[in-house]
Amino acid sequence: MAESIDPNLLKKTKCERKHVLPDLPGAVEGKVVMRMAPGPSGPLHIGHTRVSILNDEYVKRYKGKYINRLEDTNPEKIDPEAYKMIPEDLKWLGVHVDETVIQSDRFEIYYDIARQLIDLGKAYVCTCPAEPWRQMKEAGKECPHHSQTREEAHELFDRMLSHGFGEEEAVLVVKTDLKHPNPAVRDFVGLRIVDSVPHPRTGDRYTVYPMMNLSVAVDDHLLGLTHVIRGKDHLNNTLRQEYIFNYFGWKKPWYHHYGLVHIPEAILKTSTIHKGIRSGEYSGWDDVRLGTVRAMAKRGIQADAIRNYWLDVGMKDVDIEFSWDNLYAFNKQIIDPVADRYFFVWDPECLEIVGVDRLESRSPLHPDHPERGTRDHSLTAPIRVLMTREDLEGFRERGTVRLKDLCNLRWEGGKGVYTGSDHNVLREGVKISHWAPADGVEAEVFMPDGSVRKGVAESIPASETGKVVQFERFGFVRIDSTSPRVRAYFTQ
RNA sequence: GCUCCCGUAGUGUAGUGGCCAAUCAUGAAGCCCUCUCGAGGCUUCGACUCGGGUUCAAAUCCCGACGGGAGCACCA
């Protein structure tokens, strides 16, 4: 029995213990319908990835349906590019979308529901200015329109639809309970008018726009959502939306609200990024200083690292602090075993090697996987290599150095005198440095803080383009191009 | 001001009345290994917000305080 066990199974692997997401109440395999509902104001950022991945995990677990619903009901905050970028980002994240719904295709549906709400006596058209209306609500008092008849409401609503009102002149309000102790839940606006800005998809054809709480409730019902997972910031919205479900007697989905995430040191606001891109401050949505999904990708953060991070965090309703350290740790787990190693010398200084005519080096692409091959260099007199300024300084002070995979040197008159190639000198306390051939390629590494580290690298094959490699003693980077110079983005 | 949610190490997480002098990861420090300041191995540091109850027994249940977050938009 014991001898039949594969020894590999006994090997202790790191991070064995994974937190498993709890089962969803009432989830039936094949029947689960979940969604993500981003506003198309820009591409996805790291904050969006939690909701997309949690929903995706459950849909996969229950073999359900994943709906990507683009909530484009505020024409002022739409970036037409986002209709394309969001699906790209989801695909990169490994989120499988079964169905895409765009709310601006569904105006007539929302109008129809609005009419039904009027029929039920649960909605009225209010022509009060916004501020007094708010104050009355705060005081728990009805506005003069609250008690209008259904006929009046229908007439006014028709007038809204036929452009009989301008922007801010009339709204359709959904009644809840003006005496509700929670002021956030009292009567809310269901549809409003926007005619100053055309909609990127529907132009000026529709000027009566549903507000989120109406369109979300309607679509969650009509699309057959069974489980809704989203952030705690929607807690009060859920309370409002439930009024609509109750008025129509619709079956409510199971709701779960996870805690808010504070993401430190991240630039996420689409308006800020938009401005930065226009002014030339940022190179684009994938500028590595940004917190967008595409910036993560460009830096070499793996989609599965992001997924594993959120699975580890789970669904708790505690507010949390996003940890870049932890994300990087998950990322390193994935990239370290596959990233080839190369030398990159930052702040390069030239050193001449004397006392030998020819040097050969052979370094493994990966120290733990010699079968992947080697990177070889042949240097002939006059031999010149590059070292970082700091390493060269250390060499001068100590008088000795080991150049990794190449040779040992003694400092003499500003040059390196060849003293052999046996790496066992390391046991005697000789320090090791990496190096690059003097005719190596120029390289620049773009750091997430916007700075650039310049130097020289050994030549890197074009096949590494797009992959993450490790610049030894520097860090992991994603190679963007290999010629005429190496261009890379710092991963971690 | 009102309402709601939450409170385990620096960070994330396990824990749902006794097996908790509290798990795992991350982080930091140190050692071993290694021709990288990577990876791997080992060790150490570090937490149940506080105060009252209930109970033979509480991180776990109840109450209060304190602390954090969100909402009270004709944004999503």
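Keep in mind the model is a prediction, meaning the values are calculated, not measured. Here is how names work: the chains are called A, B, and so on, in the same order as the sequence lines, proteins then strands, and each is numbered from 1.
If you check the side chains of Asn182(A) and Asn236(A), you find a donor sitting under 3.5 Å from an acceptor. For the 3.5 Å distance criterion, the side chains of His274(A) and Asp79(A) qualify, holding a donor opposite an acceptor. No hydrogens or angles considered: nothing links the side chains of Gln302(A) and Asn331(A) as a donor-acceptor pair under 3.5 Å.
Legend: salt bridge (charged side-chain N to carboxylate O under 4.0 Å, His left out) pairs involving residues 227-239 of chain A, not counting sequence neighbours, sorted by first then second residue: Lys232(A)-Asp319(A).
In terms of the side chain to side chain donor-acceptor pair (under 3.5 Å) criterion, Arg205(A) has no residue partners (sequence neighbours excluded).
Within the model, atoms CG of Leu70(A) and CE of Met36(A) stand 9.5 Å from one another, a figure rounded to the nearest 0.5 Å. Atom CG of residue Leu225(A) and atom CG of residue Leu223(A) lie 6.0 Å apart, to the nearest 0.5 angstrom.
A donor-acceptor pair is defined here as one N or O able to donate and one able to accept, closer than 3.5 Å; such a pair exists between the side chain of Arg186(A) and the backbone of His180(A). Thr400(A) places no side-chain N or O within donor-acceptor distance of the main-chain N or O of Val430(A), the cut-off being under 3.5 Å. Without hydrogens or angle criteria, Asn246(A) side chain to Glu242(A) main chain gives a donor-acceptor distance under 3.5 Å.
Of the candidates U11(B), C35(B), U26(B), the closest approach to any side-chain atom of Asp325(A) belongs to U26(B). Closest contact between the side chain of Asp317(A) and the listed nucleotides C37(B), U26(B), C6(B) involves C6(B).
In this structure, Arg201(A) is positioned above the aromatic face of Tyr83(A), its NZ or CZ under 6.0 Å from the six-membered ring centre and within 45° of the axis. Taking the ring axis of Phe157(A) as reference, the NZ or CZ atom of Arg115(A) does not stay both within 45° of it and closer than 6.0 Å to the ring centre.
For the side-chain hydrogen bond (donor to acceptor under 3.5 Å, both in side chains) test with Asp72(A), the passing option among Ser41(A), Ser104(A), Ser215(A) is Ser104(A); the others fail. When each of Phe343(A), Phe490(A), Tyr342(A) is checked for a ring-ring contact (aromatic ring centres under 6.0 Å, His included) with Phe474(A), only Phe490(A) meets the rule. With Glu349(A) as reference, Leu392(A) is the one residue of Asp391(A), Leu392(A), Leu386(A) to meet the side chain to side chain contact (heavy atoms under 4.5 Å, CB included) rule.
Here the separation of U16(B) from U26(B), taken at their C1' atoms, is 26 Å to the nearest Å. When the P atom is used for both U34(B) and G27(B), the distance is 23 Å, rounded to whole Å. Going from the P atom of G17(B) to that of G64(B) covers 23 Å, rounded to whole Å. For the P atom pair drawn from A47(B) and U11(B), the interatomic distance equals 12 Å after rounding to whole Å. Distance check on atom C1': G12(B) versus U54(B) gives 33 Å, rounded to whole Å. If you take atom C1' in A70(B) and the same atom in A76(B), they sit 15 Å apart, rounded to whole Å. Rounded to whole Å, the P atom of G51(B) lies 15 Å from the corresponding atom of C66(B). Comparing the same atom, P, in A59(B) and in C50(B) gives a spacing of 11 Å after rounding to whole Å.
Protein atom CG of Leu409(A) is 19 Å distant from nucleotide atom P of C35(B), rounded to whole Å. Rounded to a whole Å, the CZ atom of Phe330(A) is 12 Å from the C1' atom of U11(B). When rounded to the nearest whole Å, the span between CG of Asp187(A) and C1' of U3(B) equals 16 Å. In this entry the distance linking CZ of Phe471(A) with P of C37(B) reads 18 Å, nearest Å. Distance, Gln492(A) CD to U26(B) P: 12 Å, rounded to whole Å. Computed from coordinates, the His257(A) NE2 to C5(B) C1' distance equals 10 Å when rounded to whole Å. With rounding to whole Å, Asn308(A) atom CG is found 13 Å from U26(B) atom P. Atoms CH2 (Trp310(A)) and C1' (U13(B)) sit 13 Å apart, rounded to a whole Å.
For C37(B), there is no paired nucleotide, since no Watson-Crick or G-U wobble pair has both relevant distances below 3.5 Å. For U55(B), there is no paired nucleotide, since no Watson-Crick or G-U wobble pair has both relevant distances below 3.5 Å. Remark: A28(B) base-pairs with U44(B). Criterion, Watson-Crick or G-U wobble with two distances under 3.5 Å. Across all strands shown, the partner of G1(B) is C72(B), judged by Watson-Crick or G-U wobble contacts whose two distances both fall under 3.5 Å. Pair assignment for C66(B): G7(B), on the basis of Watson-Crick or G-U wobble contacts that are both within less than 3.5 Å.
Within residues 50-57 of chain A, no residue approaches RNA chain B, by heavy-atom distance under 4.0 Å. Within residues 359-368 of chain A, the residues approached by RNA chain B to less than 4.0 Å at the level of any non-hydrogen atom are Pro367(A), Asp368(A), in residue-number order. In the region residues 420-435 of chain A, proximity to RNA chain B at under 4.0 angstrom, judged on heavy atoms, holds for His423(A), Leu426(A), Ile432(A).
In this structure, Tyr328(A) reaches neither bases nor backbone, as no heavy-atom distance under 4.0 Å exists between it and the strands shown. Residue Lys332(A) is classed as a sugar-phosphate contact, given heavy-atom separations below 4.0 Å to backbone atoms only. Heavy atoms of Asn74(A) sit under 4.0 angstrom from primed sugar atoms or phosphate atoms, though from no base atom. Counting any heavy atom pair closer than 4.0 Å across all strands shown, Gln470(A) reaches a base atom. Looking at heavy-atom distances under 4.0 Å, Thr73(A) makes contact with sugar-phosphate atoms alone, never a base.
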Polar pairs (N or O, both sides) under 3.5 Å between protein and nucleotides 67-74 of chain B?
unit_1, atom_1, unit_2, atom_2, d
G69(B), O4', Asp319(A), OD2, 3.4
G69(B), O2', Asp319(A), OD2, 3.0
G71(B), O2', Asn236(A), ND2, 3.1
C72(B), O2', Pro183(A), O, 3.1
C74(B), OP1, Arg134(A), NH1, 2.7
C74(B), N3, Glu168(A), O, 3.4
C74(B), N4, Cys128(A), O, 3.0
C74(B), N4, Ala130(A), N, 3.3
C74(B), N4, Glu168(A), O, 3.3

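For Arg341(A) and Asp336(A), the salt-bridge test passes: some basic side-chain N is under 4.0 Å from an acidic carboxylate O.
Ranked by how close their nearest RNA chain B nucleotide is to the 5' end, Asn326(A) and Phe476(A) are led by Asn326(A).
For His434(A) and Trp346(A), the ring centers are positioned less than 6.0 Å apart.
Note on Lys316(A): every side-chain N or O is 4.0 Å or more away from OP1 and OP2 of C5(B).
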